[in-house]
Protein chains: 2
Amino acid sequence: MLTSQRRALITARLARDGQLVAKALADELGVSEDTIRRDLRDMAADGLLQRVHGGALPLQPSLPDFAARQEIGDDAKRDLGKKAAGLIKAGQLIFLDGGTTNAQIARALPRNLAVTIATHSPTIAADLVHHAAEVILIGGRLYKHSMVATGSAALAAIGAMRPDIFFLGVTALHPVYGLSTGDFEEAAIKRAIAAQSAETYVAATNEKFGTTSPTGSCLWNDWPD
Amino acid sequence: MLTSQRRALITARLARDGQLVAKALADELGVSEDTIRRDLRDMAADGLLQRVHGGALPLQPSLPDFAARQEIGDDAKRDLGKKAAGLIKAGQLIFLDGGTTNAQIARALPRNLAVTIATHSPTIAADLVHHAAEVILIGGRLYKHSMVATGSAALAAIGAMRPDIFFLGVTALHPVYGLSTGDFEEAAIKRAIAAQSAETYVAATNEKFGTTSPTGSCLWNDWPD
DNA sequence: CAGAAACATGCAAAATATCGCAGAGTCAAG
DNA sequence: CTTGACTCTGCGATATTTTGCATGTTTCTG
């Protein structure tokens with residue numbers, strides 16, 4: 001990403017969100033905080049924004065529902081996404097399962113990280129438009145409840161790859177009943193991906209713990225972390 | 001490659017990508033960075049682009065990305081989408097190409113219509129969440145500029161189906177040069193789908209008429225309507 | 001007040017830009 | 001066909017910009 005584009009993005013973000021956090025943008029763009037701070041300092045000197053501790057504000061504070069936007073993003077999930085994205089290293093082949101939690105991983109991925117992301121979720125693929133990452137879309141019959149491709153076509157495509165890491169999404173996670181998901185066929189897909197992958201991580205927020213999925217299809221009964 | 005051709009390509013790339021990195025283009029064309037830089041310097045002096053450190057930007061930052069283009073609800077396109085959706089009958093297998101125009105077709109589709117929609121565009125698949133239609137997602141390597149799956153995996157999946165109607169998206173449409181699209185591989189995919197389909201319709205708004213895609217890959221030189 | 005986070009500053013490495021120059025190619029007049 | 005003017009291109013030397021890191025300082029928070 002070019003320097004001038006980054007500054008244009010800062011302006012756009014300020015107009016859209018009414019605020020900007022330096023560290024968050026640094027992580028998102030995959031540059032150091034110093035670089036963002038320098039941008040903000042220079043732009044403030046040019047009178048393009050108002051510099052504040054931790055980030056920047058637009059010159060004339062945008063009135064729109066700042067609070068509403070703030071609530072949209074689930075902080076816990078976003079933090080989890082950021083942490084999970086930290087496990088990903090350049091050059092790896094990553095498989096991202098569907099679900100909102102994994103969507104946060106995709107969004108938290110540094111934009112310039114050179115990795116290959118495979119996914120059978122069209123929504124996650126769409127979230128990766130702005131990233132440098134190569135995206136491999138797995139096709140198949142779309143199971144709309146979870147927005148993931150299923151069926152034999154998906155299984156065949158999965159069988160042809162060996163991901164380094166698989167980020168598994170679950171609907172429920174129980175100390176006794178293990179991981180479970182609502183749909184039988186979806187569970188089969190998840191098992192297939194895990195079988196191909198060197199490592200499998202489960203990204204789930206606390207609310208999922210101790211629950212079971214009513215029509216649950218058991219995935220595993222034990223897992224490392 | 002001739003100098004004027006190179007400069008025309010620079011203009012085209014700026015219009016398509018909204019940015020241009022000098023070193024990347026130098027590597028791609030097999031010329032030194034000096035040559036590209038000289039081009040950019042001269043073109044900036046002629047007011048054809050905005051020179052920035054590392055490359056160049058269009059004068060008026062064109063719609064930066066697909067997402068932004070998506071947002072712009074063009075009334076003409078919406079009407080076109082509605083009209084095209086009217087051609088679809090229950091029970092058919094429809095293939096939807098990528099692009100904003102075809103996204104409008106997806107949205108205009110009656111929610112309860114029992115059809116099967118095949119597409120290689122994750123964004124179009126995502127638009128069909130709330131429809132009753134069965135969705136077949138074609139997988140492959142994601143070509144992010146148009147947000148469509150490409151590559152051999154996509155071609156293989158396409159070869160296994162016989163759509164009743166294919167709604168083709170084009171970037172340019174010219175009475176002499178025919179239909180064209182920006183990317184060579186994308187064009188190959190479009191040809192493959194059309195070959196499998198009983199009927200192919202081109203959905204395009206007036207602005208596409210009489211234009212050619214600068215790095216155009218010709219699709220056909222004649223078409224019915 | 002103490003620890004953590006954010007900040008400014010200086011510095012070095014890398015990337016990028018500019019300049020001058022020479023070789024290769026083009027083109028038109030002789 | 002040859003010659004000379006001209007343009008384009010790549011290379012080397014030098015300058016500028018950008019970036020990340022280390023260091024010390026300031027600001028925030030409990």
Side-chain angles (χ1 to χ4, degrees), chain A residues 1-14 17-59 61 66 70 75-76 78-79 82-83 85-86 88-91 108-115 130-132, chain B residues 1-11 13-14 17-59 61:
Chain A
M1 165 167 260
L2 300 170
T3 305
S4 47
Q5 281 185 305
R6 194 178 54 239
R7 302 206 175 179
L9 181 69
I10 289 173
T11 306
R13 284 293 171 86
L14 280 174
D17 301 337
Q19 71 165 127
L20 191 143
V21 180
K23 174 158 175 45
L25 189 64
D27 287 346
E28 184 184 332
L29 299 183
V31 298
S32 77
E33 292 177 53
D34 296 72
T35 300
I36 301 296
R37 266 197 289 270
R38 259 185 284 250
D39 286 338
L40 297 182
R41 197 193 316 163
D42 294 350
M43 292 173 73
D46 290 349
L48 297 173
L49 50 80
Q50 182 196 344
R51 189 81 171 87
V52 296
H53 199 87
L57 296 174
L59 281 183
F66 172 99
Q70 195 80 332
D75 281 346
R78 199 155 39 213
D79 285 353
K82 205 178 285 180
K83 219 164 271 176
I88 300 174
K89 292 177 186 60
L109 207 63
R111 293 225 182 162
N112 57 354
L113 190 62
V115 291
H130 300 105
H131 290 74
Chain B
M1 165 168 257
L2 273 48
T3 306
S4 52
Q5 281 181 302
R6 198 175 51 240
R7 301 207 174 179
L9 181 65
I10 289 173
T11 307
R13 285 295 171 86
L14 280 175
D17 302 336
Q19 72 164 97
L20 191 143
V21 180
K23 174 159 174 47
L25 190 64
D27 288 346
E28 185 183 331
L29 299 183
V31 297
S32 76
E33 291 178 52
D34 295 69
T35 301
I36 301 297
R37 268 197 287 269
R38 261 185 282 250
D39 286 338
L40 296 182
R41 203 190 316 166
D42 294 349
M43 292 173 74
D46 290 348
L48 297 173
L49 50 79
Q50 183 197 343
R51 186 81 171 87
V52 299
H53 199 90
L57 297 174
L59 279 183

Check your understanding: Touch check for A/R41, heavy atoms < 4.0 angstrom, all strands: base, sugar-phosphate only, or nothing?
Key -> base

Point to revise | For atom CD1 of A/I36 and atom C1' of D/dG20, their distance in whole Å | key: 13 Å

Exercise for review: Identify the heavy atoms of A/N112 and A/G30 that sit nearest to each other, and give their distance.
Suggested key: ND2-O, 3.4 Å

Point to revise | side-chain contact (heavy atoms from CB on, under 4.5 Å) partner of A/L25, chosen from A/T35, A/L9, A/L40 | key: A/L9

Study note, to complete from the structure: Contact span of DNA chain C against chain A, any nucleotide atom under 4.0 Å from a heavy atom, 5' to 3', runs C/dA6 to C/dT9

Review point. Rounded to the Å, how far apart are A/D34 CG and D/dT25 C1'?
Key: 15 Å

**Study point:** Nearest-angstrom distance from the residue atom CZ of B/R37 to P of D/dT14
**Key:** 17 Å

Practice item. Considering non-hydrogen atoms only, spot the tightest contact between A/R37 and A/R51 and give its length. Key: CG-NH2, 3.4 Å

Point to revise | Any A/I36 side-chain heavy atom under 4.5 Å of A/R6 side chain | key: yes

Revision key, fill the gap. Nearest heavy-atom approach of B/Q50 to B/L59 is N-CD2, 4.0 Å

**Study point:** Validation row: A/D42, A/R7 side chains within 4.5 angstrom (heavy atoms)
**Key:** yes

Review point. Of the non-hydrogen atoms in B/A56 and B/L14, which two are nearest, and what is the gap between them?
Key: O-CD2, 3.5 Å

Practice item. Give the rounded distance in Å between these two atoms: CD of B/E33 and C1' of D/dC8. Key: 18 Å

Practice item. Evaluate the side-chain proximity of A/Q5 to B/V52: yes if any heavy-atom separation is below 4.5 Å, no if none is. Key: no

Practice item. Identify whether any heavy atom of B/V21 sits under 4.0 Å from a base atom; if not, whether one sits that close to sugar-phosphate; answer base, sugar-phosphate or nothing. Key: nothing

Check nucleotides 15-19 of chain D for protein N or O atoms closer than 3.5 Å to its own N or O atoms and list the pairs.
unit_1 : atom_1 : unit_2 : atom_2 : d
D/dT18 : O3'    : A/T3   : OG1    : 3.4
D/dT19 : OP1    : A/T3   : OG1    : 3.1
D/dT19 : OP1    : A/R6   : NH1    : 2.8
D/dT19 : OP1    : A/R6   : NH2    : 3.2
D/dT19 : OP2    : A/R6   : NH2    : 2.9

